[in-house]
Undergrad: 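Here it is, the structure in full.
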Amino acid sequence: MAQASDKKNGIAILLCALVLGLSLFLLDKYTTREIDESGVFVIAKITQRVQAKNGTDYSLNYVFNNRVYHTKFSSMPNEFLNKESLVYLKVLPNNPRKFMYVETRVPACLTLKDLPSNGWKDLPKCR
């Protein structure tokens with residue numbers, strides 16, 4: 001009898017883990033789609049670069065609606081950005097802490113001073 005109970009408990013735990021994993025996956029997909037559809041572009045400045053085992057960890061700052069946000073992201077091993085580099089992020093206007101890194105270089109003609117307080121709907125072009 002104890003074996004049957006242990007087996008049921010194991011199945012219940014496995015089902016809970018599967019439901020949790022699926023929920024997290026769907027939430028990530030929803031957030032990504034929401035950022036794609038409603039997000040705005042901002043420029044972020046890399047403040048720290050740390051070589052990690054499976055790539056590089058970056059700390060960065062960005063401004064949205066006159067508020068400074070601090071965040072981190074990791075990149076693939078072949079990605080190389082220096083400290084002080086500028087990068088694009090796409091953030092949700094109603095929740096600017098949710099963002100996606102945009103793999104497009106910020107042109108030298110743009111600086112942090114060029115950034116409108118509520119970002120750009122489209123990637124900006126140099127004049």
Side-chain angles (χ1 to χ4, degrees):
M1 288 245 198
Q3 287 180 345
S5 178
D6 287 346
K7 189 174 184 178
K8 285 181 183 177
N9 287 342
I11 291 172
I13 290 171
L14 178 63
L15 285 175
C16 287
L18 286 173
V19 168
L20 178 62
L22 180 60
S23 297
L24 292 173
F25 173 78
L26 292 174
L27 178 63
D28 182 60
K29 289 294 180 193
Y30 172 78
T31 301
T32 300
R33 190 181 83 221
E34 190 178 15
I35 292 171
D36 273 340
E37 293 174 359
S38 305
V40 294
F41 294 96
V42 298
I43 296 175
K45 184 176 185 177
I46 295 176
T47 58
Q48 186 177 20
R49 179 181 184 275
V50 177
Q51 195 62 42
K53 188 174 185 177
N54 294 325
T56 306
D57 294 333
Y58 297 97
S59 297
L60 45 93
N61 295 337
Y62 60 98
V63 178
F64 184 76
N65 281 338
N66 300 315
R67 182 168 175 205
V68 177
Y69 293 89
H70 310 282
T71 192
K72 295 181 179 188
F73 78 93
S74 297
S75 73
M76 303 303 286
N78 61 349
E79 181 77 32
F80 187 82
L81 299 167
N82 291 315
K83 184 178 174 186
E84 305 294 318
S85 291
L86 299 179
V87 296
Y88 286 119
L89 300 180
K90 195 167 188 182
V91 302
L92 277 178
N94 62 345
N95 189 354
R97 292 194 182 281
K98 294 195 178 198
F99 71 92
M100 288 187 327
Y101 169 63
V102 179
E103 294 187 26
T104 301
R105 291 190 182 270
V106 175
C109 65
L110 292 175
T111 68
L112 293 172
K113 293 177 184 177
D114 298 316
L115 177 65
S117 67
N118 52 351
W120 293 285
K121 276 291 189 190
D122 298 304
L123 282 176
K125 307 268 190 253
C126 291
R127 296 179 186 145

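Since this is a predicted model, take the numbers as computed values, not measurements. Worth knowing before you read on, the calculation uses all heavy atoms, side chains too, and leaves out hydrogens, waters and symmetry mates.
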Undergrad: Got a donor-acceptor contact below 3.5 angstrom from the Thr47 side chain to the Ser59 backbone?
TA: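 Yes; judged by distance alone, with no hydrogens or angles, the pair exists.
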Undergrad: Taking the side chain as every heavy atom from C-beta outward, state whether Leu89 and Phe64 have any atom pair closer than 4.5 Å.
TA: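 Not in contact.
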Undergrad: Measure the shortest side-chain to side-chain distance between Lys113 and Thr111 over non-hydrogen atoms and say whether it is less than 4.5 angstrom.
TA: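 Yes, close enough: below the 4.5 Å cut-off.
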Undergrad: What are the two closest non-hydrogen atoms of Leu92 and Ile35, and how far apart are they?
TA: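 Between these two residues, the closest heavy atoms are CG-CG1, 3.6 Å.
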Undergrad: May I ask whether Leu60 and Val50 are part of the same hydrophobic cluster, defined by side-chain heavy atoms of I, L, V, M, F, W, Y residues being less than 4.5 angstrom apart, directly or through others?
TA: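 They do not share one cluster, since no chain of ILVMFWY contacts under 4.5 Å joins Leu60 to Val50.
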Undergrad: Side chains of Lys83 and Gln48: closer than 4.5 Å at any heavy-atom pair?
TA: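 No, every pair of side-chain atoms sits at 4.5 Å or beyond.
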Undergrad: Might you point out which heavy atoms bring Asp114 and Cys109 nearest each other, and give the distance in Å?
TA: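 Taking Asp114 first and Cys109 second, the nearest heavy atoms are OD2-O, 3.5 Å.
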Undergrad: Indicate yes or no: at least one non-hydrogen side-chain atom of Val40 is less than 4.5 angstrom from one of Asn118.
TA: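 Contact flag for Val40/Asn118 side chains = no.
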Undergrad: Side-chain heavy atoms under 4.5 angstrom apart, residues restricted to Ile, Leu, Val, Met, Phe, Trp, Tyr: same cluster for Leu112 and Leu110?
TA: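 Yes; Leu110 is reachable from Leu112 via cluster members.
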Undergrad: Are Val63 and Val91 connected, step by step, through hydrophobic side chains (Ile, Leu, Val, Met, Phe, Trp, Tyr) whose heavy atoms are closer than 4.5 Å?
TA: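 Result: no, two separate clusters.
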Undergrad: For Tyr69 and Tyr62, take the angle between the two ring planes, folded into 0 to 90°, and tell me which bin it lands in: parallel under 30, tilted 30 to 60, perpendicular over 60.
TA: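 Judged by the thresholds at 30° and 60°, the geometry between Tyr69 and Tyr62 is parallel.
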Undergrad: Locate the shortest heavy-atom distance separating Val42 from Gly119; write the atom from each residue and the value.
TA: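 So the minimum-distance heavy-atom pair works out to CG1-CA, 4.2 Å.
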Undergrad: Does the plane of the ring in Tyr101 sit parallel, tilted or perpendicular to the ring in Phe73? Use 30° and 60° as the thresholds.
TA: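 Aromatic pair Tyr101/Phe73 classed parallel.
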Undergrad: Do Val106 and Val102 belong together in a cluster built from hydrophobic side chains that touch within less than 4.5 Å?
TA: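 Yes, one cluster joins them.
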Undergrad: For Phe99 and Lys72, which heavy atoms make the closest approach, and how far apart are they?
TA: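 Taking Phe99 first and Lys72 second, the nearest heavy atoms are CZ-O, 3.8 Å.
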Undergrad: Please give me the minimum heavy-atom distance between Glu34 and Asn94, naming the atom from each residue.
TA: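 Answer, listing the atom of Glu34 first, then Asn94: OE2-ND2, 4.2 Å.
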Undergrad: Mind listing the closest non-hydrogen atom pair of Val68 and Asn61 along with its distance?
TA: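 Taking every non-hydrogen atom into account, CG1-CB, 4.4 Å.
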